[in-house]
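For reference, the structure discussed in these notes is given below.
Because the structure is predicted, anything quoted here is derived from the model rather than measured. Position 1 is the first residue of the sequence; numbering continues from there.
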Amino acid sequence: MKLRKKIIIFISLVATLGISATYLLLHVILLNRFEKLDEAQLQRNLNKAVASYHRELQGMTTGLLNYTVRDETYRFMESAAAPGSARSGSTEPAFIRSSLDPATYPMDHFDMIALLDLNGQPRYGGSYDLPSAKVTPLTQEQLTLIKLINNRLPVPTTAEESTSGFVNLDEGPMLITLTPILNSSTDKPVIGTALAGRMLHHEVTQIWEDSLSSMDMSRISSPLLEGSGGKQIWTSPPSGGEMSIHTVLNDLFDDPGMILSLKEPRQLYNSGLKSLATFRLFYFISMLLLLTASLLFVNRFILGRMSSLVRNIRAIGSSKDLSIRIPSSGQDEFSEVEVEFNRMIDSLEQTHDELRQQSMLDPLTRLPNRSLFFDKLNEAIAAVKGSDRMIVLVFIDLDHFKTVNDTLGHDFGDAILKETAFRLTQVVGTHDVVSRLGGDEFTILLYEVPGADSIAQQLSRIQEALSMPHHIKGHLLYNTASIGISIYPQNGEDADYLVKQADLAMFHVKETGRNNIFQYSEDLEAGIRRKKVLAQQLLSAAAGNEFELHYQPILGAGPLHVSKVEALLRWNSPSYGNISPAEFIPLAESSGSIVGIGSWVLRQVCSDMREFRSRGLELTAAVNISALQLMQPGLLELLLDLLQEYDLPASSLELEITESVLVSGDNIFLSLQHLRARGFRISLDDFGTGFSSLSYLRRFPVDVIKIDRSFVSEMLQDAQGDVLVKAIIELSHNLGLRVVSEGIEHKEQFDRLRALGSDELQGYYISRPLQARALYSFLEQEHYYTGHK
């Protein structure tokens with residue numbers, strides 16, 4: 001990307017970031033402040049609206065007092081309470097006609113008036129009908145309201161005990177005020193209660209008059225309370241440029257009954273938005289002018305000088321003449337660049353040859369590097385081509401070198417590499433080439449080797465030199481090497497191919513124990529290729545339905561009843577056919593594919609156990625579990641899920657581990673504990689052939705010991721074989737463990753193991769591993785259950 005474009009992008013980016021930062025800053029500081037001010041004003045208006053509501057109630061109380069603290073009202077209530085004073089027909093008492101005539105209701109904005117005696121019974125009640133301008137008797141709902149008031153509110157006994165509020169009627173909310181009925185001098189006791197009501201929907205505009213905001217009073221409902229969060233006062237998210245606030249009002253009986261909502265425009269916030277729009281336009285124009293001015297300046301005083309400098313440098317590069325110099329002009333930084341560039345050209349000729357030599361040597365050991373080594377190898381091949389002379393290529397890899405770096409540090413590792421390079425150069429001929437390919441890998445090119453004996457002697461000297469201890473900083477370090485060799489023209493005539501073959505031979509040494517020498521052969525390459533192909537195919541073998549489970553019956557030694565089988569995995573490779581488990585299981589463990597394969601085995605075993613149980617066969621399956629599976633954190637969950645999916649008890653699975661698993665660490669111990677706690681039985685396979693000790697049997701959660709077939713095979717050949725097997729059985733029983741003897745191939749072994757007390761018996765003498773469908777016919781042979789075996 002051109003510098004001019006970078007500058008344009010940079011200035012544009014700075015301007016954009018400036019606009020964005022300013023815009024966000026104004027939003028955070030200014031608009032948020034405006035929003036807070038709008039919310040505060042809305043809160044104040046809500047307080048005013050609530051106060052106006054209470055003033056409206058107070059006004060109703062004051063209006064009603066004009067009728068209740070009067071002698072005429074008092075006398076009416078006295079006469080109404082006297083015996084035989086009830087009205088008849090439509091005749092109204094004079095008091096009603098004069099004081100509570102139809103004009104009274106609209107004058108005081110009352111929709112209902114009632115005079116109640118001390119028992120709460122209405123001695124007068126009227127409901128004003130606005131369209132007809134007539135007073136009608138109280139409705140049934142109003143009479144019910146009067147009864148409710150009489151039941152829930154105490155009868156006032158003094159003039160100060162007026163009560164007001166609202167009630168929710170079917171028609172809508174109604175403002176209610178209650179005042180005691182007294183004579184004008186208030187020297188007589190309260191004789192009753194006056195009640196007046198006003199429908200709220202007629203009075204909202206009277207309660208709140210504001211040109212910028214509107215008020216709404218509505219009955220409480222779930223949708224209205226959704227945004228309250230349990231608060232008495234809450235606001236709703238702004239919508240359409242307006243904001244709203246709500247509060248809950250308690251009714252006449254002090255119960256939540258109505259929501260008062262106030263809505264008004266966001267004046268300050270909207271004004272701030274308009275101001276920001278104006279500011280953005282001004283800022284954008286300013287940044288555009290600044291960008292134009294900056295580009296003009298950069299183009300004139302920076303890019304122009306830079307273009308001149310580039311032209312001069314190109315002229316030197318195209319001519320390949322290092323004697324040309326750039327003429328210096330001016331006193332700015334570009335002039336300094338011109339001076340320094342000329343100085344750099346001066347030093348190029350001097351260092352050119354040194355750099356060429358250094359590029360062909362390893363910087364640490366000063367041996368030829370990979371590039372120079374291949375040049376030497378190709379030269380050697382060309383020199384001996386067509387003759388009967390041989391070239392020996394030795395590929396060396398130091399054993400456990402990474403451990404030195406990890407434990408002692410790279411200083412020790414570098415010292416070993418330099419010492420190794422020195423020793424190799426001392427034991428080879430003057431024409432031989434020692435090189436370092438990289439890391440801890442070295443190669444030696446042996447010229448003019450007369451025969452196999454000479455090769456063996458030379459390799460012996462090399463191996464002896466590498467095995468000598470290293471004295472480094474007071475430490476005595478021993479080191480060995482894995483060595484592979486290939487020979488020209490016996491193993492090939494191409495340099496890359498010879499190196500690859502020697503590398504394969506060295507890799508074979510690494511796999512078979514290290515510290516050895518091996519020569520490449522076609523069989524070796526075929527074996528390694530086979531391992532690579534099998535390891536790759538194992539990754540998809542389960543998905544390709546290449547695996548199959550066989551089950552080998554295990555007899556109980558007492559009733560000779562088959563209650564358990566061992567699940568054994570078989571694999572039919574698409575390239576090599578049937579592969580022995582002894583070959584593909586180690587490959588699966590080393591490549592890590594054993595985890596996925598193990599999961600497939602567990603699922604297939606559970607499926608087969610479920611099928612067996614559906615046919616009435618209550619069998620337990622012994623399944624081999626590798627150390628990698630035990631170290632996986634999800635093994636227990638997988639097993640529990642499979643048991644639940646196939647409706648199996650934990651006793652239907654017996655998990656087999658080898659002795660080598662026991663020495664794998666505390667994580668394995670904890671995993672076995674968790675499995676055993678969930679009801680899974682743990683079986684120790686191949687007992688006596690691994691690395692475990694008797695302390696592991698006492699410490700680890702094991703239920704079953706499987707005596708290895710090697711002990712069973714020696715029982716009849718060596719008298720001490722019986723003693724050893726008997727000791728294992730007795731020891732296991734003393735520890736509370738069951739014993740399975742595997743590898744039984746003869747009747748004498750079978751009978752002897754039963755006599756020694758083995759709990760279960762397994763081997764070819766009983767049955768070879770069978771496919772699941774063949775297991776049924778085997779189990780139908782009744783002589784396996786009658787004790788004749």
From [X] atom [atom1] to [Y] atom [atom2], the distance as rounded to the nearest 0.5 Å:
| X | Y | atom1 | atom2 | answer |
| --- | --- | --- | --- | --- |
| Ile744 | Arg754 | CD1 | CZ | 10.5 Å |
| Ser741 | Ile729 | OG | CD1 | 5.0 Å |
| Ile682 | Ser671 | CD1 | OG | 8.0 Å |
| Glu637 | Arg678 | CD | CZ | 8.0 Å |
| Gln519 | Leu459 | CD | CG | 9.0 Å |
| Thr407 | Lys402 | OG1 | NZ | 10.0 Å |

Steps toward side chain to side chain contact (heavy atoms under 4.5 Å, CB included) verdict (Ile416, Leu477): CA-CA 9 Å; Ile416 289 178; Leu477 304 178; 3.9 Å; yes
Geometric cation-pi criterion, Lys473 with Phe412: 6.0 Å, 45°: yes
Cation-pi geometry met for Arg768 and Tyr764 (6.0 Å, 45°): yes
Ser575/Gln537 under side chain to side chain donor-acceptor pair (under 3.5 Å): CA gap, chis, key distance, verdict: CA-CA 9 Å; Ser575 299; Gln537 290 180 348; 2.5 Å; yes
Chi angles and distances behind the salt bridge (charged side-chain N to carboxylate O under 4.0 Å, His left out) call for Glu583, Arg530: CA-CA 11 Å; Glu583 181 178 6; Arg530 175 186 172 94; 2.7 Å; yes
Less than 4.0 angstrom from a charged side-chain N to a carboxylate O is my criterion; do [X] and [Y] meet it?
| X | Y | value |
| --- | --- | --- |
| Asp399 | Lys510 | yes |
| Glu645 | Arg603 | yes |
| Asp722 | Lys726 | no |
| Arg681 | Asp703 | no |
| Lys418 | Asp414 | no |
| Arg436 | Glu441 | no |
| Arg570 | Glu548 | no |
| Arg752 | Glu748 | no |

[Y] and [X] side chains, donor-acceptor separation under 3.5 Å:
| X | Y | result |
| --- | --- | --- |
| Ser626 | Glu589 | no |
| Thr480 | Ser467 | no |
| Gln762 | Lys706 | yes |
| Tyr551 | Asp608 | yes |
| Asp362 | Thr365 | yes |
| Ser591 | Ser593 | yes |
| Thr658 | Asp685 | no |
| His733 | Asp759 | yes |

Worked check of side chain to side chain contact (heavy atoms under 4.5 Å, CB included) between Val739 and Leu753: CA-CA 10 Å; Val739 178; Leu753 287 167; over 6 Å; no
CA sep, side-chain torsions, deciding dist, call: Leu731, Ile705, side chain to side chain contact (heavy atoms under 4.5 Å, CB included): CA-CA 10 Å; Leu731 172 65; Ile705 293 294; over 6 Å; no
Could you check whether any side-chain heavy atom of [X] comes within less than 4.5 Å of a side-chain heavy atom of [Y], counting everything from C-beta outward?
| X | Y | value |
| --- | --- | --- |
| Leu393 | Val499 | yes |
| Val565 | Leu775 | yes |
| Phe442 | Leu437 | no |
| Ile462 | Ile444 | yes |
| Asn369 | Leu367 | no |
| Phe395 | Leu504 | no |
| Glu714 | Val725 | no |

Considering all heavy atoms, the nearest Pro469-Leu476 contact: CB-CD1, 3.6 Å
Any residue meeting ring pair (Phe, Tyr, Trp, His ring centres under 6.0 Å) with Tyr776, in chain and number order, not counting sequence neighbours: Phe612
Side chain to side chain contact (heavy atoms under 4.5 Å, CB included) between Phe711 and Leu724, intermediate numbers included: CA-CA 8 Å; Phe711 294 106; Leu724 185 57; 3.1 Å; yes
Ser599 (side chain) donor-acceptor with Val595 (main chain) under 3.5 angstrom: yes
Taking atom [atom1] of [X] as the centre, report whether more than 12 heavy atoms of other residues, nucleotides or ligands fall under 6.0 Å from it.
| X | atom1 | answer |
| --- | --- | --- |
| Arg461 | CZ | yes |
| Tyr576 | OH | yes |
| Gln536 | CD | no |
| Tyr646 | OH | yes |
| Gln644 | CD | no |
| Glu522 | CD | no |

Ring geometry between Trp571 and Phe547 (parallel below 30°, tilted from 30 to 60°, perpendicular above 60°): tilted
Derivation and outcome, side chain to side chain donor-acceptor pair (under 3.5 Å), residues Ser710 and Asp708: CA-CA 5 Å; Ser710 61; Asp708 186 67; 2.6 Å; yes
Single hit among Val533, Ile594, Leu587, Ile579 for side-chain contact (heavy atoms from CB on, under 4.5 Å) with Leu538: Leu587
